[in-house]
Structures are given as C-alpha cells and as structure tokens.
There are 2 protein chains.
Amino acid sequence: MKHNENNFFKSAFSVDNIIFGFDDGDLKVLLIKRGASPFKGLWALPGDLVYPNEDLDTAAYRVLEELTGLKKVYLEQVHTFGAVDRHPLGRVITIAYFSLVKISDFTLMPSSFAQNVEWHTVDKALKSQLAFDHNDILNTCFNALTHRVRIRPVGFELLPPKFTLTELQHLYESLLQAGLDKRNFRKKILSMSLLVDLDELQEGVPHRPAKLYKFDKERYHQLEAHGFSFEVKESKKKEKKRRLAELIAQ
Amino acid sequence: MKHNENNFFKSAFSVDNIIFGFDDGDLKVLLIKRGASPFKGLWALPGDLVYPNEDLDTAAYRVLEELTGLKKVYLEQVHTFGAVDRHPLGRVITIAYFSLVKISDFTLMPSSFAQNVEWHTVDKALKSQLAFDHNDILNTCFNALTHRVRIRPVGFELLPPKFTLTELQHLYESLLQAGLDKRNFRKKILSMSLLVDLDELQEGVPHRPAKLYKFDKERYHQLEAHGFSFEVKESKKKEKKRRLAELIAQ
DNA sequence: AGTTATTGGCGTCGAATAAACACCAACCTG
DNA sequence: CAGGTTGGTGTTTATTCGACGCCAATAACT
C-alpha cells in the first residue's frame, strides 16, 4: 500500500473479492468494516485498487492472501461494475471476483487497511446495507455461485478435505436454497464416482458416525476432458413445500 | 471522439463489443481493420475507450450504434481482460461485451475511426490472427454465447422477425456445433409455445415453402417469471458421428 | 444393562423425458 | 409430367427422475 492514491483517482480500477465460506450449515461471506471515509463504519467487500503493473487476477489473489494468508484457492471473475457515480471520490470501476475457501484452513489476518474483518451469513449480508454498490456486487456474485455450483463441482472447495455425505448435502441445500431427497442425492453423487470412500468414520458425534469421503480431483479432470455434466436437482415435493412456505411468509 | 487520448493512457479502460450476426447458415462476427498503429492492418474487435462520464454499458451501446446505427439490441457483459501487457501503449484493461443483431436490419455505417468493417465467420476469425488479445476475447465471448443460448432463448435475436423452423434449427446447430434431430427439435420448440405461427409461407424458394413463425416475447417473459428452463440437446447419434469425424480430422 | 434419541445408510417402482427412426406432401424447374 | 428439393409429421423404446420407509449404529441417560 505504498502507492499514492492521488495517482489512481480521476480514473482507476479496483478488484473486489467476494470470499465465500461454509460453516455451521450456512454460507458465509467475509466482510470488512470500513475504518475510513467514505462509508466509514459500514461493512464492505474486501478489495483494493489494482497496481499499475499487476494483472487483474493477481490483484484478486493478493486481496485474498492479505486477508486470509491463503494462496491456492478457487477464484473466478464474475462481473465488472462501472457506473459513473459508484464511487464518491472519482471514477473507479471494479472487477468483482468470488473465491471459495475452507474456513477451517486458516485464521483471519486482519490487514492493515481494515479495522475489522468478520464472517457474515450471506442471507444477512444481503439484507444489510453495505458500502458503495456492494449489495449489488454481492448479489451478483452469490447468483453466479449458485449458478456455477449446478454445473461444476465447485462446492467441494468449501468443505474440509474429509466430509460426510450429509455435510455435502447440507452444503448443496444451502447453496441451491432447495430441499434435496437424501437417497436420490447420495445415489447421484456416488454414481459420478467423484468421491473417494476413505474407510474412516466421524469421531466425537453423539450418534451413529458417518463415513468420511474426499473429493477426487484427478478423477474429475479425467471426466471433464471427456465431456461430463454435473448437475444436482431439487426434489419436486420439497420444492412445493418450500414455495408454499414462501407464499405464507409474505 | 474529441477526447484527448493522452489523458486516458497510463491507465485507462475500454469496452470491446463483440457483435454477432447470423447469415447464410453461419455465425458471423463484425470486425474492423485497424487503420492505425498498433496492429495496423490487422482485424480487430470493435471497441473504444470509455468516456470519463459514461457508464460501461452505455459505452458498449455507443460502440454498437456507431458501427451499425442500431440501438435496441441484446447486449451482455462477458469478461474483463486486464493483463498488464495486453496493450502496447500503456495499461488498458477492457471490458468485453457481446451483442446479437439481425444482419438484415441494417447496413453498416463505417465509423470515422475505422477504415474497413466486415462480417467474418466466427470460425475463420478464431483461426486468423487478430489485433491485441482479441483472439482470446473472441473465444471467450463465443463460448459465453454458446453457453447462454442453451439456457435462454437468445438465439431469436439473431434471426429476422419472421423465420422458418428449419432456419431456427440451422441457427442452433451452428451455435451449439451439434447436429439436431429434426422431429425432436420441432416437437420441443413448439411445445414451449414461444413461437407464434404467422399463417404465412415463405416466398421465392425453389421448393416447398415453409411456414413462418415469430418469437413471442411477451409469452417468454410470462413463462420466465414462473420459473422456466430452456434447453436444447444434441442428438446422441449425430454427436457420435461428429466426434468420430473430429477424431479422423486430427 | 436396557431404554431412548439421533443420524446413517440403503433399493424399488412408476412417471416423465429423451432419443431413434421413415415416409409422403408441396412446390419449383426444366 | 418427371425429377429434385425441402417441409412436415407420430410412435416406440430407452433412460432418467423422483417419490417413498425402515432398520442399523452409536452415545447419552436412567
């Protein structure tokens, strides 16, 4: 952060990196409480101006690493936001990325430019007021994630290396905002042979322990090369229930 | 175009608008032969620097209108390209859009900054050398289009207002690079009730004339609001043939 | 030790969807 | 009027999807 910010303004570009994690049955997003104007005190998405000699992707990885210390994670560009008045101090367009991290993998490293860094559930974050046009950005990135997760097995990026089928199902239910049928889900997932049965059991749970699995990345790349579609669909019955509940809630 | 370009350079952003059309059974893309350095004489995607007080989408529409005179067309942001060295004169990132136009709707208006504007088949354009990183950009946008066309009925944007089912099928075969079964295609398309039978016939064709249809936009928006999936799938038999042909071609 | 509470793990059948497939009709041309 | 070209249509089979319920394994409690 040794760059003189006056050089950037008038016309500059930044990256925002929407960092998703999954914990405790909920999809979470990493937010920073702004310590300076504008929007001081509001929560914002992590981001930074792009250095003059820095590729966009590199900048997005840098933002991530400064916050979490993580380097090799799933990261994807989503959309660029460039409304003329989106930044009160000048013309700043921002390229939005999302990344998927395993919350268990690290402890937060609050970076120098932020006072507070916290995980928020996506639900609540979407409803609260964020700095700049970050509600819009978060919304777009969340939609991109829910779309992507139907097509590619990126969900595994959010789980610890070893997980149970029920955890996986909860993750998908949370991402797709849908109820899934247990038996059909297991059948489908296992029939893809993307999971390796580790022959290990959960420990320390107050009920029958479940088998642990891991995601087989090599296998996935093999299948992908041969044209392979990944899709998970909602149970229609549960969908009806959900829609009914939504109607009542209005 | 009265902006002093020196103000932009060092760090600037542009939009590139990949304009797709469909004609003569082929997907086409509008290219401009560069009349000035860098890359003088090479074909390039239409684009321009974004004005300081202009939204990104507005800039993309402007580029389109300067070339074609068209205003209300389908336009979608795809990806932002920002490698440090992608522009030889300075740091210029570019936001890529694609738009879909009906070639029959207009005659080209070569704009002041271009010497030559021409439709090229996407196939050939991808294989030829384009200016800057435009091969990369075109490739990304073409992939985005083939993906989008599976999910939303955007293909109609490329056809004249009145079209036959065979024309529609050819369009989809061209976009999906797949062979489709005639009867299944017609069954599926018609069952969506997105087409209106105009009770008119083709004229001037040297064979039995086909019925003309138009796309029913209102109907589509109705269906879309009630959750509606649009998908067209390849005939498996034809897929096998195609894959075999690809293997032989290597 | 036995009971209770909680989650894990498994297979079948009916319904819906997708895919393969071939012939006659209509029009133009020469 | 014969030949060439494209238009238009239904049925059957294979595959996929989706609904559905019960016993097993473990820990906690008494």
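Sequence lines set the chain letters: A, B, ... in the order given, protein chains first and strands last, and positions in each chain run from 1.
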TODO: Between A210(A) and D181(A), just flag the one whose closest nucleotide in DNA chain C comes earlier from the 5' side.
DONE: A210(A)
TODO: Quickly work out the L165(A) CG to dG9(C) P distance and round it to whole Å.
DONE: 6 Å
TODO: Assess the pair F163(B) and F156(B): is the distance between their ring centroids shorter than 6.0 Å?
DONE: yes
Open item on the list: Go nucleotide by nucleotide along DNA chain C from the 5' end; which of E234(B) and V205(B) gets its closest nucleotide reached first?
Closed with: E234(B)
TODO: Round to a whole Å and report the spacing from CZ of R186(B) to C1' of dC21(C).
DONE: 16 Å
TODO: Check the distance between dG8(C)'s C1' and L168(A)'s CG and give it to me in whole angstrom.
DONE: 15 Å
Task: Candidates dT11(D), dT6(D), dG18(D) - which lies nearest the side chain of H207(B) - done: dT6(D)
Open item on the list: Mind checking if K187(B) touches a base, just sugar-phosphate, or nothing, with heavy atoms under 4.0 Å?
Closed with: base
TODO: Please report, rounded to the nearest Å, how far the P atom of dG8(D) is from the CD atom of Q169(B).
DONE: 12 Å
Task: Rounded distance (Å) that lies between atom P of dA18(C) and atom NZ of K238(B) - done: 17 Å
Task: Protein-nucleotide distance (Y213(A), atom OH; dG9(C), atom P), rounded to Å - done: 6 Å
Task: Nearest atoms (heavy-atom pairs only) where Y172(A) meets P153(A) - done: OH-CA, 4.2 Å
Task: Nearest atoms (heavy-atom pairs only) where F142(B) meets Q177(B) - done: CE2-OE1, 4.0 Å
Task: Nearest heavy-atom neighbours spanning N135(A) and S128(A) - done: ND2-O, 2.8 Å
Open item on the list: Counting only side-chain nitrogens and oxygens, does K188(A) get under 4.0 Å of the OP1 or OP2 atom of dC17(D)?
Closed with: yes
Task: Nearest non-hydrogen partners of F20(A) and L158(A), listed with the distance - done: O-CD2, 3.4 Å
Open item on the list: Distance check needed: dG8(C) P versus H170(A) NE2, whole Å only.
Closed with: 7 Å
Distances under 3.5 Å only, N/O to N/O: pair up the protein atoms with those of nucleotides 21-24 of chain D.
residue	atom	partner	partner atom	Å
dG21(D)	N1	R183(A)	NH1	3.3
dA24(D)	N3	R208(A)	NH1	3.0

Task: Sub-6.0 Å ring centroid separation between H120(A) and H134(A) - done: no
Task: Closest non-hydrogen atom pair between A125(B) and L138(B), with its separation - done: CB-CD2, 3.7 Å
- [ ] Rounded to the nearest angstrom, tell me the gap between atom CD in E200(B) and atom P in dA26(C).
- [x] 20 Å
Task: Closest-nucleotide ordering on DNA chain D, the 5'-leading residue of L201(A) and N184(A) - done: N184(A)
TODO: Would you please confirm or rule out a distance under 4.0 Å between OP1 or OP2 of dG7(D) and any side-chain N or O of T166(B)?
DONE: yes
- [ ] Measure from the side-chain heavy atoms of K233(A) and tell me the nearest of dC21(C), dG18(D), dG7(D).
- [x] dG18(D)
